[in-house]
Protein chains: 2
Amino acid sequence: MSLRFTLLGFLSYGPMTGYDLKKHIDNSTQFFWHASLSQIYPTLKRMDEDGLVEAAVIPQEGRPDKKVYTITPAGQAALMDWLAEPLGELSPQKDPALLKLFFSGVLNREAILAHLCRHQELHRARLAHYRKETASYIEQIIVATDFTREGIMWELVRQWGEQYEQAYIQWLEQAIATIEEEF
Amino acid sequence: MSLRFTLLGFLSYGPMTGYDLKKHIDNSTQFFWHASLSQIYPTLKRMDEDGLVEAAVIPQEGRPDKKVYTITPAGQAALMDWLAEPLGELSPQKDPALLKLFFSGVLNREAILAHLCRHQELHRARLAHYRKETASYIEQIIVATDFTREGIMWELVRQWGEQYEQAYIQWLEQAIATIEEEF
DNA sequence: CCTAGCATGTAACCAGTTACATGATTCA
DNA sequence: TGAATCATGTAACTGGTTACATGCTAGG
């Protein structure tokens, strides 16, 4: 259901194609909400049937016709209802890396350390991404569109990403120390 | 796929029914891997067909026969292969609460603050849970089974849960301050 | 020459949720 | 009296992934 709201959210900033939406998702919500084109296209189609968006077909040569989607008043209303609705329970997360670690007591010291170091590398890369690419993307959009209020929210969420990665890396540091001492 | 490894992981500690497995999941992996009974039962059945586990049927009166599953050598091997295999990319997370916040720039100051406070409450409750219920559950199992090596891993993962929640709460604190000042 | 970007989709499949179905025992 | 615990499952559905299909243009 949240994919529909993701799409409505971006379309509330302006009309766009499914392809454009995918790029915005990849550049901003990617790390707390992602979707593939093969999920986006049929979803937009159903949202059109439900009257939440409207498609304007722009003929093109040499490539498929462009479908530019615009949010309808009904779509705006649905988005606002969802935004206003209080948060439910925390949504359960799944993290295969933690699961593997949880059951890794049977492995030897070196194998566990290898997992932890690899894990740390991945999180360092992501931290760098939040600080560089994500930060500049947000700034760029704020400058281009003058969405200052929206920009405050985007930036807050980006900061959570940064702090999350920092905390993760710190914990892994401690975990490595623990294994080196106790295992 | 990871559900199969979750079940194999717990079954490597000893034979159990699907019902027992569900309780272990709820008490320990719940926050990074969860599953419902209606997913666990058919999965165990298919794992039996694939030779990863074996069921011993224990007739009971007044309730369905108990099926106690035991991990087979093939199951043990599959579990070890998975544990040894290096971590792939970070698995994409989905968090509807962050998504809502991301698009909340159109809401007024009070509505945003309400979301943030509610969010903080939920995370405080979870932090308390990790510190009390989860911690005592782990200690209890370590004492009962003498799985000290395994216990170190369980405790490490629990500590991540605790640090994650602390970081989340801190970020929300900052976010509340930012909205109060800038919005 | 090959990769990336533009631009759309369908079909088969897998994972996971929700609702349904049964039924005894224990505890507040 | 009603909820929780024990103990199993099935069926319909929703959400999401993977593979397939088409085909032009621009740039390194």
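So you know, we letter chains A, B, ... as the sequences are listed, proteins then strands, and number each from 1. The shown structure was predicted, so the numbers you read here are calculated from the model rather than taken from an experiment.
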- prompt: Within the pair A/Lys23 and C/dC6, is there a side-chain N or O less than 4.0 Å away from OP1 or OP2?
  reply: yes

message: Are A/Trp154 and A/Tyr13 an aromatic pair, judged by ring center distance below 6.0 Å?
response: yes

query: Closer than 4.0 Å, any side-chain N/O of B/Lys94 to the OP1 or OP2 of D/dG15?
result: no

query: Quick one: are B/Phe31 and B/Glu165 in side-chain contact, heavy atoms under 4.5 Å?
result: no

message: Could you check, using the six-membered ring where one of them is a Trp, whether B/His119 and B/His115 have ring centers closer than 6.0 angstrom?
response: no

message: Tell me whether the side-chain N/O atoms of A/Lys45 come closer than 4.0 Å to OP1 or OP2 in C/dT10.
response: yes

task: Between B/Pro92 and B/Tyr69, just flag the one whose closest nucleotide in DNA chain D comes earlier from the 5' side.
output: B/Tyr69

Value in whole Å for how far the P atom of C/dC20 lies from CD of B/Gln39: 20 Å

message: Among D/dG15, D/dC6, C/dT18, which nucleotide has an atom closest to any side-chain atom of B/Tyr19?
response: D/dC6

- request: Output the single nucleotide from D/dA7, C/dT17, C/dT8 whose closest atom is nearest the side chain of B/His34.
  value: C/dT17

query: What nucleotide among C/dT10, D/dT5, C/dA7 has an atom nearest to a side-chain atom of A/Ser38?
result: C/dT10

task: Give the rounded distance in Å between these two atoms: CD of B/Gln60 and C1' of C/dA24.
output: 11 Å

field: Whichever of A/Arg63 and A/Pro42 has its nearest DNA chain C nucleotide further upstream toward 5'
entry: A/Arg63

message: Please determine whether a side-chain nitrogen of the Lys or Arg among A/Arg4 and A/Asp50 lies less than 4.0 Å from a carboxylate oxygen of the Asp or Glu.
response: yes

- prompt: Could you give the CG-to-P distance, from A/Leu37 to C/dG5, as a whole number of Å?
  reply: 13 Å

Centroid separation B/Phe102 to A/Phe32 less than 6.0 Å: yes

query: Whole-Å distance between C/dC14 C1' and B/Leu3 CG?
result: 13 Å

task: Kindly point out which of D/dG15, C/dA7, D/dT8 is positioned nearest to the side chain of B/Lys67?
output: D/dT8

message: Just the rounded figure in Å: distance from C1' of D/dG16 to CD of B/Gln93.
response: 15 Å

message: Please report the distance, rounded to the nearest Å, between NZ in A/Lys66 and P in C/dG5.
response: 16 Å

- prompt: Roughly how many Å is it from CG in B/Asp65 to P in C/dT22, rounded to a whole number?
  reply: 18 Å

Protein-nucleotide distance (B/Gln30, atom CD; C/dG16, atom P), rounded to Å: 14 Å

